Amino acid sequence: MNNAEVAGILNNIAILLEMQDVPFKPVAYRRAALTITSLDTDLSKIKDLDSLPNIGIHIAKKINELLTTGKLDYYEKLKKKVPVNIEELITVPGMGPKTILKLYKELKIKNKKDLEEAALKQKIRNIKGLGAVMEQKILSHIQLEKKEEKRTFLIEGLDTSDEIITTLKKSNLVETGIAAGSIRRMKETIGDIDILCTSKKPKELMDVFTKMSVVKEVISKGETKSSIRTNKGLQVDVRVVKQSEFGSALQYFTGSKEHNVEVRKIAISKGFKLSEYGLFKNDKLIAGKTEDEVYKALGMDYIPPELRENTGEIDLAIRHALPILVEQSDIRGDLHVHSKFSDGLTSIEEIANYCKDVLKYEYIGLCDHFGGLKIANAMNEKDAAKRLKEINDLNSTYSGFKIINGAEVDIKPDGKLGVNNNALSKFDFVTASVHSSFNLSIDDMTNRLINALKNEKVSLLGHPTCREIFGRKPILFNEDKVFEAAVKYNKPLEINAFFNRMDLNDMMTSRAKKRGVTFCIDTDSHAIKHLDYIRLGLGIARRAGLTKKDILNTKEVSKIL
DNA sequence: GCCGTTTTCGGCCCGACTGTTTTCAGTCG
Ligand SMILES: Nc1nc2c(ncn2[C@H]2C[C@H](O)[C@@H](COP(=O)(O)OP(=O)(O)OP(=O)(O)O)O2)c(=O)[nH]1
Ligand SMILES: [Mg+2]
Ligand SMILES: [Mg+2]
Ligand SMILES: [Zn+2]
């Protein structure tokens, strides 16, 4: 039984207990499940389970029973009382523990199929406490759901929230509009789009919001909170508050939920109450205009959104020990950019101008594919020579900006590069990365990456895990050994910021930092607009707590060659 | 069931929207 399965069962127990109105235990089981979900080691490898946060002796014992027997008596007994497919039913909006219980008792509904049939026969509307509206909601959800992916890419959230805020602002009813939730925290995937607005006319603003042309369905609508679904199937939540409440509302709406709960507990312990409307002491407003004010009043330093996951940031903020996170303005260049000379779409000059004039970089590393990779239209020696001349010509026209003559080369299964080191001697910067044979044994893959890192011509290990979000699984290797090699040979690991790679991800970056690894945030651009993905890479870096000095491309060009 | 600069019992975040509702439960953020 793996971690996800154990967490799933603990979550189901929480729901079964809620059905019986058991107080507090559901929260305890949910927290335990969350702890397990965020674990990066297998439960079976952990000896003292009850030393994990939110897992005490009782849940630890239950986990052990699950791990050794594959079953849990306590869970089986709970299920016997309400033998329904919880996972399936709970995904239907509006279906919570109480509704599931009621429908089982009254109509023997055990799963989605039963639910759909009952709704079609108009049986649900007759249940006391339910009605025709609920019946219709259930039906339309079950029939429309089909194949919707639940979460989506961060970049889609960033772009769509920008578009919606722009649309809302056209009404002149918005004072401040900002994306919140997981978008503001820069999570690699987002479940919905959360937008906070301040306005003097919330009612009118909500009318505008729920009547936008992209709205397919209005999920709920109130004066301070409304939700819609777009024609692309994305849910958008908008909260509207007064400008004077902006800080506390943003603190609330940015989350994470777990962070909020923890901060609110601290407020309680100090005799305050914290909500989206402000920090209060005996109904007297203490803070609320800015987030900074709220955190300060609670004895904390301001916590950057990317860190608000209740993974230790609150303690650090109290002890004034938060890291000073890397910022966009610290980035001096992008060291993994493709041009027309391989599979990119853009001329070198266009790329250079954008980096120099718009992004204010001091350098770019042109890392067109070189040798070996047929699919990516790799350069041969002749192409490389032609490109070098173009680079030199352009460089002679710049002051304070430099195009670095780099290459991206393939790492073969044995860890040798796609081309020999002699052929690489002409390049000043070499990104080595895996592009095929993703399924080696862990040992072989580990040796493959270590051999690449060991190679004196290699400057950087590109997209180290090769995972694609919602797509290819990461390649498997011994993390500790690879991190160790990266430190030993003084080679940074790439934080590849391409929207569907984001590789290394936040968690692995955080673990690597603890082992002393350094990093390089690259966009892997193949077109001008990809260069802006740097902010996705910054999101990963900041979520992992990286500072300027952890990152190669915050350094001057003379220090990286 | 978990947890502890109000340490081993007594508390556990707080509020909006819907409709099941006419004074509130349930679900969701
Ligand atoms: N205090 C408190 N705040 C919550 C709760 N649930 C959600 N929030 C706040 C924090 C969340 O970041 C914010 C938006 O809620 P979402 O459900 O959209 O979650 P979030 O955006 O963090 O993740 P997502 O990617 O949408 O799944 O609302 C809660 O139970 N209590
Ligand atoms: Mg969200
Ligand atoms: Mg939301
Ligand atoms: Zn590349």
Side-chain angles (χ1 to χ4, degrees), chain A residues 10 13-15 17-19 21-35 49-63 74 89-103 106 124-138 141 180-182 191-196 202 206 210 218-228 235-241 245 248-249 251-280 298-299 310 314-315 318-319:
Chain A
L10 296 180
I13 291 174
I15 293 167
L17 292 170
E18 271 175 335
M19 289 180 183
D21 273 320
V22 177
F24 306 113
K25 286 192 189 187
V27 174
Y29 276 95
R30 256 191 210 105
R31 288 205 182 118
L34 201 66
T35 296
L49 285 170
D50 63 338
S51 67
L52 291 171
N54 301 314
I55 295 178
I57 48 168
H58 297 97
I59 291 183
K61 201 161 159 256
K62 292 184 171 73
I63 294 171
Y74 176 70
L89 292 173
I90 204 77
T91 61
V92 180
M95 293 279 285
K98 295 295 165 62
T99 313
I100 292 173
L101 178 66
K102 193 178 289 176
L103 287 174
E106 308 263 340
I124 288 173
R125 61 180 65 191
N126 301 324
I127 306 291
K128 188 169 177 293
L130 296 163
V133 178
M134 184 70 185
E135 188 176 87
Q136 190 48 49
K137 269 192 172 175
I138 288 170
H141 175 266
S182 48
D192 67 358
I193 291 175
D194 302 294
I195 294 173
L196 175 67
M206 286 310 194
T210 51
V218 177
I219 298 167
S220 69
K221 186 180 173 204
E223 268 193 49
T224 166
K225 175 178 166 181
S226 300
S227 297
I228 59 110
Q235 180 171 331
V236 185
D237 298 339
V238 164
R239 294 263 351 215
V240 181
V241 297
E245 298 160 341
S248 46
Q251 196 287 322
Y252 152 73
F253 212 25
T254 298
S256 64
K257 175 189 170 185
E258 291 71 27
H259 174 91
N260 286 357
V261 170
E262 216 46 44
V263 172
R264 286 171 180 208
K265 280 187 193 163
I266 288 173
I268 294 170
S269 74
K270 293 184 181 297
F272 298 120
K273 181 183 74 171
L274 178 61
S275 76
E276 55 266 51
Y277 298 108
L279 181 66
F280 299 90
L298 290 170
N310 192 31
I314 291 172
D315 271 349
I318 292 170
R319 287 167 25 223

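On a predicted model such as this, the values are computed, not experimentally measured, just so you know. Excluded from the calculations below are hydrogen atoms, water molecules and symmetry mates; all remaining heavy atoms, backbone and side chain alike, are included. Within every chain, numbering begins at 1; the chains are lettered A, B, ... in the order of the sequence lines, protein sequences first and strands thereafter.
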Give the rounded distance in Å between these two atoms: [atom1] of [X] and [atom2] of [N].
{"X": "A:Lys137", "N": "B:dG26", "atom1": "NZ", "atom2": "P", "result": "16 Å"}
{"X": "A:Leu130", "N": "B:dG26", "atom1": "CG", "atom2": "P", "result": "11 Å"}
{"X": "A:Ile57", "N": "B:dG1", "atom1": "CD1", "atom2": "C1'", "result": "10 Å"}
{"X": "A:Ile13", "N": "B:dC2", "atom1": "CD1", "atom2": "C1'", "result": "15 Å"}
{"X": "A:Leu101", "N": "B:dA25", "atom1": "CG", "atom2": "C1'", "result": "14 Å"}
{"X": "A:Lys102", "N": "B:dG19", "atom1": "NZ", "atom2": "P", "result": "15 Å"}
{"X": "A:Asp21", "N": "B:dC24", "atom1": "CG", "atom2": "P", "result": "16 Å"}
{"X": "A:Asp194", "N": "B:dC28", "atom1": "CG", "atom2": "P", "result": "15 Å"}

For [N] and [M], measure between their [atom1] atoms and round to the nearest Å.
{"N": "B:dT21", "M": "B:dC12", "atom1": "C1'", "result": "28 Å"}
{"N": "B:dT22", "M": "B:dT18", "atom1": "C1'", "result": "15 Å"}
{"N": "B:dC14", "M": "B:dC9", "atom1": "C1'", "result": "25 Å"}
{"N": "B:dC2", "M": "B:dT7", "atom1": "C1'", "result": "14 Å"}
{"N": "B:dT8", "M": "B:dC3", "atom1": "C1'", "result": "9 Å"}
{"N": "B:dA16", "M": "B:dG11", "atom1": "P", "result": "25 Å"}
{"N": "B:dC13", "M": "B:dG4", "atom1": "P", "result": "14 Å"}

Report yes if a side-chain nitrogen or oxygen of [X] is closer than 4.0 Å to either non-bridging phosphate oxygen (OP1 or OP2) of [N]; otherwise report no.
{"X": "A:Gln235", "N": "B:dG29", "result": "yes"}
{"X": "A:Thr99", "N": "B:dT27", "result": "yes"}
{"X": "A:Lys62", "N": "B:dG1", "result": "yes"}

Any donor and acceptor pair, going by atom type alone, linking the side chain of A:Thr35 with main-chain N or O of A:Pro53 inside 3.5 Å?
yes
Tell me whether A:Gln235 contacts the main-chain N or O of A:Asp192 through its side chain, where contact means a donor paired with an acceptor under 3.5 Å.
no
Using heavy atoms to find the nearest nucleotide of DNA chain B for A:Pro93 and A:Asp50 separately, return the residue whose nucleotide is more 5′.
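Looking at the nearest nucleotide for each, A:Asp50 comes out on the 5' side.
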Earlier contact from the 5' end, DNA chain B, for A:Gly131 and A:Lys270:
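Nearest nucleotide further toward 5': that of A:Lys270.
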Do you know the tightest heavy-atom contact between [X] and [Y]?
{"X": "A:Glu223", "Y": "A:Pro202", "value": "O-CB, 3.3 Å"}
{"X": "A:Gly222", "Y": "A:Met206", "value": "O-CG, 3.2 Å"}
{"X": "A:Glu106", "Y": "A:Ile127", "value": "CB-CD1, 3.6 Å"}
{"X": "A:Ala28", "Y": "A:Ile59", "value": "O-CD1, 4.2 Å"}

Acceptor/donor pairs from residues 264-278 of chain A side chains to any protein atom, 3.5 angstrom cut, sequence neighbours excluded:
| residue | atom | partner | partner atom | Å |
| --- | --- | --- | --- | --- |
| A:Ser269 | OG | A:Ile266 | O | 2.7 |
| A:Ser275 | OG | A:Tyr277 | N | 3.1 |
| A:Glu276 | OE2 | A:Arg239 | NH1 | 2.9 |
| A:Glu276 | OE2 | A:Arg239 | NH2 | 3.4 |
| A:Tyr277 | OH | A:Arg239 | NH2 | 3.2 |

Nucleotide forming a Watson-Crick or wobble pair with B:dC28, both distances under 3.5 Å:
B:dG15
Nearest to the side chain of A:Ile59 - B:dG19, B:dT6, B:dG1?
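Of the options given, the side chain of A:Ile59 lies nearest B:dG1.
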Syn or anti for B:dT7, with syn set at within 90° of 0?
syn
Indicate, with a heavy-atom threshold strictly under 4.0 Å, whether A:Pro53 touches base, sugar-phosphate, or nothing.
sugar-phosphate
Would you say the side chain of A:Phe253 lies within less than 4.5 Å of the side chain of A:Asp237, judging by non-hydrogen atoms?
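Counting from C-beta outward, A:Asp237 and A:Phe253 do come under 4.5 Å.
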Might you list the N or O atoms of the protein lying below 3.5 Å from N or O atoms in nucleotides 11-16 of chain B, with each pair's distance?
| residue | atom | partner | partner atom | Å |
| --- | --- | --- | --- | --- |
| B:dC13 | OP2 | A:Arg31 | NH2 | 3.3 |
| B:dC13 | O2 | A:Arg264 | NH1 | 2.7 |
| B:dC14 | O4' | A:Arg264 | NH1 | 3.0 |
| B:dC14 | O2 | A:Arg264 | NH1 | 3.4 |
| B:dG15 | OP1 | A:Lys273 | NZ | 2.9 |
| B:dA16 | OP1 | A:Tyr277 | OH | 2.8 |

Tell me the salt bridge (charged side-chain N to carboxylate O under 4.0 Å, His left out) pairs involving residues 89-100 of chain A, sequence neighbours left out?
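Pairs touching residues 89-100 of chain A that pass the test: A:Asp21-A:Lys98.
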